[in-house]
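Here the structure comes first, spelled out in structure tokens, and everything after it is commentary.
One is the number of the first residue; the rest follow in order along the sequence.
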Amino acid sequence: MMKTPHIPLDAPYSANQRAWLSGFFAGMHTQMVQNTSTVNQTDVRVINILYGSQTGNAEAVANDAATIAKTHGLKPIVKSMDEVEIDALNAMEYLLIITSTYGEGEMPDNAQMLWDAVASDAAPKLANIKYSVLALGDTSYDLFCQAGKDWDMRLSELGATRIYDRTDCDVDFEEPAQHWLTTVIPQIAGGASTSAVIDISAPVNEKPQYNRKNPFPGKLLVNRIVTDPKSSKETRHYEISIAGSGLSYEAGDALCVIPTNCPDLVADILKSIGCRGDEEEPVNGELMLLAEALRTRFEIKLPSKEFVEEIAKRSGDQELNGILAGGDKEELAAYLWGRDMLDLLLQFPQVEFSAAELIRLLKPLQHRAYSISSSGKVHPETVHLTVASVRYESYGRQHKGVCSTFLADRVDSNTDVHCFFTPNKVFRVPEDNNLPMVMVGPGTGLAPFRAFLQERQFRKASGKNWLFFGDRNAATDFMYREELEAMQDSGLLTRLDLAFSRDQEAKIYVQDKMRENGLELFTWLENGGYFFVCGDAYRMAKDVDKALHDIIAEHGKLTGQQAVNYVNQLKKDKRYVRDVY
């Protein structure tokens with residue numbers, strides 16, 4: 001499953017990526033006082049660190065902040081936002097908020113309940129709090145770091161005192177995050193007793209060999225289509241070797257792949273701006289050939305906001321300028337739908353860019369994150385992915401997804417697949433092997449649940465497993481059919497409910513199958529079952545969430561609000577977890 005274009009925005013922040021803190025921690029650790037027996041604990045200043053995260057990576061940053069806090073004689077308390085009630089907030093004196101933004105400016109799942117309470121008109125005044133916010137985001141989204149901005153504004157509105165300005169981090173977050181951590185934490189510690197020194201008993205982590213800045217050069221071992229040739233879609237199964245890397249992963253994690261751009265697209269863009277490609281341009285302090293820079297360093301498919309604005313300005317196009325002036329994001333999205341950067345260059349051939357001007361308008365080429373479709377216990381030296389190849393015709397030319405067709409078309413035995421892992425500590429198979437597990441994963445949302453089932457089989461788990469899967473047509477889109485049916489036959493897969501939307505006149509979706517089996521689904525939840533969802537966030541996941549609430553209300557004989565409370569408790573218990581994009 002590909003986590004773009006609607007990727008949870010903290011997904012790029014791998015646990016491996018946090019290595020930048022390790023050297024800092026090591027230096028700080030050497031400065032610590034070794035003898036803490038005389039510390040007066042009443043002098044220790046408490047610092048509360050709350051995180052909001054869709055995938056678990058903001059949690060890791062919060063824990064790193066706690067480590068730094070300890071080196072400054074503070075007592076950190078780290079909690080997920082769904083572990084905190086609003087009444088507890090005002091008892092906090094020093095508060096750090098570390099949050100990602102999910103989708104188009106939304107709160108992460110684990111932050112939503114607390115945010116709803118804080119945003120309510122009934123929210124209490126929080127005049128006792130002194131706070132600062134670290135926001136993780138991606139400038140390619142219109143509502144960049146919106147969750148962090150909302151928290152910052154609302155806390156101020158409720159009377160809290162901002163002790164350090166909010167820091168908004170783009171995908172390359174290391175430097176601004178480090179500056180925030182190493183400024184705000186000493187500032188909080190400044191008024192604490194100098195005698196209050198807390199030792200760090202845990203060893204400092206060693207810097208991993210491979211991470212986002214130093215990805216592992218994997219080899220592609222398997223590339224096969226898992227949809228029928230007559231299918232309207234092309235979905236492929238990949239197996240990438242990580243042998244010799246020293247890396248490991250868990251079912252539920254994501255693999256981030258760093259692609260290169262299609263050489264044909266590079267050539268067409270060069271032609272459109274009248275360049276040969278052998279021009280040398282400075283990129284991050286080094287001279288590079290323009291063609292190579294466009295192929296390996298920059299996003300050249302999705303047009304940046306700056307590029308669109310410059311096209312509008314230089315072309316004088318009335319329609320595009322009117323849309324931008326009106327500020328209607330939906331109208332702009334509709335205008336850009338199906339268009340890429342080359343389409344805009346071809347649409348306005350009178351607009352000219354020098355090589356340097358074009359580069360200044362481009363974003364760095366980013367990795368793509370895919371849910372892993374294998375268990376690391378079953379396949380410790382390979383990683384399996386299930387990826388839909390993006391191919392479509394628009395504006396008179398063929399378009400291709402950057403990474404999906406990089407894997408499908410251009411990777412061979414001589415091509416390295418540069419990759420690294422993004423752990424997801426929340427999206428995990430239940431630790432208790434006896435508990436039931438319900439999985440809803442249509443399309444490539446099936447990917448992590450293939451991994452979950454392998455994991456359960458490896459553990460010899462006795463807990464029941466129920467999968468809701470669907471796609472367009474059973475004859476052409478039933479991915480991994482033989483595997484799933486074999487899991488059914490063996491008893492590993494207790495129930496398999498299928499929803500192929502176009503096999504009948506009235507479309508049937510996974511949420512419809514849930515409703516048909518609502519009583520049994522509710523019984524599984526009552527017996528301690530976990531409920532997982534993977535796939536499209538903007539339609540499927542919302543429809544599934546609505547169906548879940550309705551099922552709980554109906555079969556639990558609950559009011560609407562009681563059903564909401566029931567679901568919120570599932571979320572708090574990490575028994576309702578989503579990996580949606």
Side-chain angles (χ1 to χ4, degrees), residues 1 250-252 371-378 386 424 426-443 445-470 478-500 508-535 540-541 544-545 547-558 563 566-567 569-580:
M1 177 210 70
E250 297 286 340
S371 290
I372 295 170
S373 55
S374 56
S375 163
K377 295 181 176 65
V378 179
T386 307
N424 189 338
V426 178
F427 203 77
R428 288 279 190 265
V429 173
E431 291 184 12
D432 187 336
N433 289 329
N434 299 311
L435 292 176
M437 184 171 68
V438 180
M439 302 160 283
V440 182
L446 172 62
F449 302 135
R450 180 177 183 264
F452 277 25
L453 289 166
Q454 288 182 3
E455 179 88 5
R456 292 277 257 192
Q457 189 170 37
F458 178 86
R459 294 188 190 179
K460 295 181 173 58
S462 61
K464 297 188 294 184
N465 303 302
W466 187 351
L467 174 65
F468 290 90
F469 170 71
F478 196 165
M479 300 181 293
Y480 303 114
R481 180 171 190 164
E482 292 182 359
E483 283 188 29
L484 293 175
E485 290 179 343
M487 289 176 178
Q488 260 194 303
D489 293 341
S490 72
L492 173 67
L493 187 51
T494 313
R495 285 202 59 159
L496 175 61
D497 279 85
L498 302 171
F500 291 102
I508 297 175
Y509 299 104
V510 287
Q511 62 268 21
D512 300 317
K513 289 294 184 179
M514 286 171 55
R515 292 180 189 275
E516 287 178 17
N517 300 279
L519 178 58
E520 185 170 358
L521 198 160
F522 180 70
T523 301
W524 281 44
L525 294 177
E526 286 287 275
N527 290 332
Y530 280 61
F531 188 82
F532 297 98
V533 183
C534 183
M540 182 278 296
V544 165
D545 186 74
L548 180 64
H549 280 80
D550 291 346
I551 288 167
I552 289 169
E554 178 184 354
H555 297 287
K557 295 180 173 53
L558 304 176
Y566 188 106
V567 171
Q569 190 61 51
L570 290 177
K571 292 177 179 178
K572 285 185 178 182
D573 295 340
K574 304 298 188 288
R575 289 173 51 210
Y576 176 20
V577 189
R578 307 190 305 171
D579 181 8
V580 295

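- For the pair Arg450 and Tyr480, the distance from NZ or CZ to the six-membered ring centre is under 6.0 Å and the angle to the ring normal is within 45 degrees.
- Ring planes of Phe532 and Phe449: tilted class, angle from 30 to 60°.
- In this model, a donor atom of one side chain and an acceptor atom of the other lie less than 3.5 Å apart for Tyr576 and Asp545.
- Counting heavy atoms from C-beta outward, Tyr530 and Met439 have side chains that stay 4.5 Å or more apart.
- Closest heavy-atom contact between Leu498 and Lys513: O-CE, 2.9 Å.
- Asp573 places no side-chain N or O within 3.5 Å of a backbone atom of Leu570 that could act as its donor or acceptor partner.
- Under the 6.0 Å cut-off for aromatic ring centres, Phe500 and Phe478 qualify, their centroids lying closer than that.
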Task: Steps toward side chain to side chain contact (heavy atoms under 4.5 Å, CB included) verdict (Lys464, Trp524) - done: CA-CA 9 Å; Lys464 297 188 294 184; Trp524 281 44; 3.4 Å; yes

Open item on the list: Using the rule given for side chain to side chain contact (heavy atoms under 4.5 Å, CB included), can you reason through Arg495 versus Glu520, listing the C-alpha separation, both sets of side-chain angles and the distance that settles it, and then say yes or no?
Closed with: CA-CA 11 Å; Arg495 285 202 59 159; Glu520 185 170 358; 2.5 Å; yes

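- Using a 4.5 Å heavy-atom cutoff, the side chains of Phe531 and Val440 are in contact.
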- [ ] Start with the C-alpha distance between Thr386 and Leu446, add both sets of side-chain angles, then the distance that settles side chain to side chain contact (heavy atoms under 4.5 Å, CB included), and finish with yes or no.
- [x] CA-CA 8 Å; Thr386 307; Leu446 172 62; over 6 Å; no

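- Asn465 and Arg456 form a side-chain donor-acceptor contact under 3.5 Å, judged by distance and modelled atom types alone.
- Judged purely by distance below 3.5 Å, without hydrogens or angles, the side chains of Asp579 and Ser371 pair a donor atom with an acceptor atom.
- Taking both residues in full, the closest heavy atoms of Leu548 and Met514 are given as N-CE, 3.9 Å, listed atom of the first, atom of the second, then distance.
- Minimum heavy-atom separation, Cys534 to Pro448: SG-CG, 3.5 Å.
- Interatomic distance, Ile372 CD1 to Gln454 CD, rounded to the nearest 0.5 Å: 11.5 Å.
- Residue pairs satisfying the side chain to side chain donor-acceptor pair (under 3.5 Å) criterion with at least one member in residues 484-494, sequence neighbours excluded, are listed as follows: Arg481-Glu485.
- Among His549, Gln511, Arg578, the single residue meeting the side-chain contact (heavy atoms from CB on, under 4.5 Å) criterion with Val544 is Gln511.
- Listed here is the closest heavy atom pair of Asn527 and Leu435: O-CD2, 4.0 Å.
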TODO: Start with the C-alpha gap between Ile552 and Phe522, add the side-chain angles, then the distance that decides, and say whether side chain to side chain contact (heavy atoms under 4.5 Å, CB included) holds.
DONE: CA-CA 6 Å; Ile552 289 169; Phe522 180 70; 4.2 Å; yes

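- Ring-centre distance between Phe452 and Phe427: below the 6.0 Å cut-off.
- Ion pairing between Glu455 and Lys377 holds under the 4.0 Å rule for side-chain N and carboxylate O.
- The minimum heavy-atom distance between Gly252 and Asn424, with the atom names listed, is O-CB, 3.4 Å.
- Considering CG of Leu484 and CG of Leu492, their distance stands at 10.0 Å, rounded to 0.5 Å.
- Taking the six-membered ring for Trp, Trp466 and Phe468 have ring centres closer than 6.0 Å.
- A distance of 10.5 Å separates CD of Glu526 from CG of Leu519, quoted to the nearest 0.5 Å.
- In this structure, the separation between CG on Leu493 and CD on Gln457 is 10.5 Å, given to the nearest 0.5 Å.
- Across every non-hydrogen atom of Glu431 and Arg459, the tightest pair is O-NH1, 3.9 Å.
- Annotation: the span from Arg515 atom CZ to Asp550 atom CG amounts to 4.5 Å, rounded to 0.5 Å.
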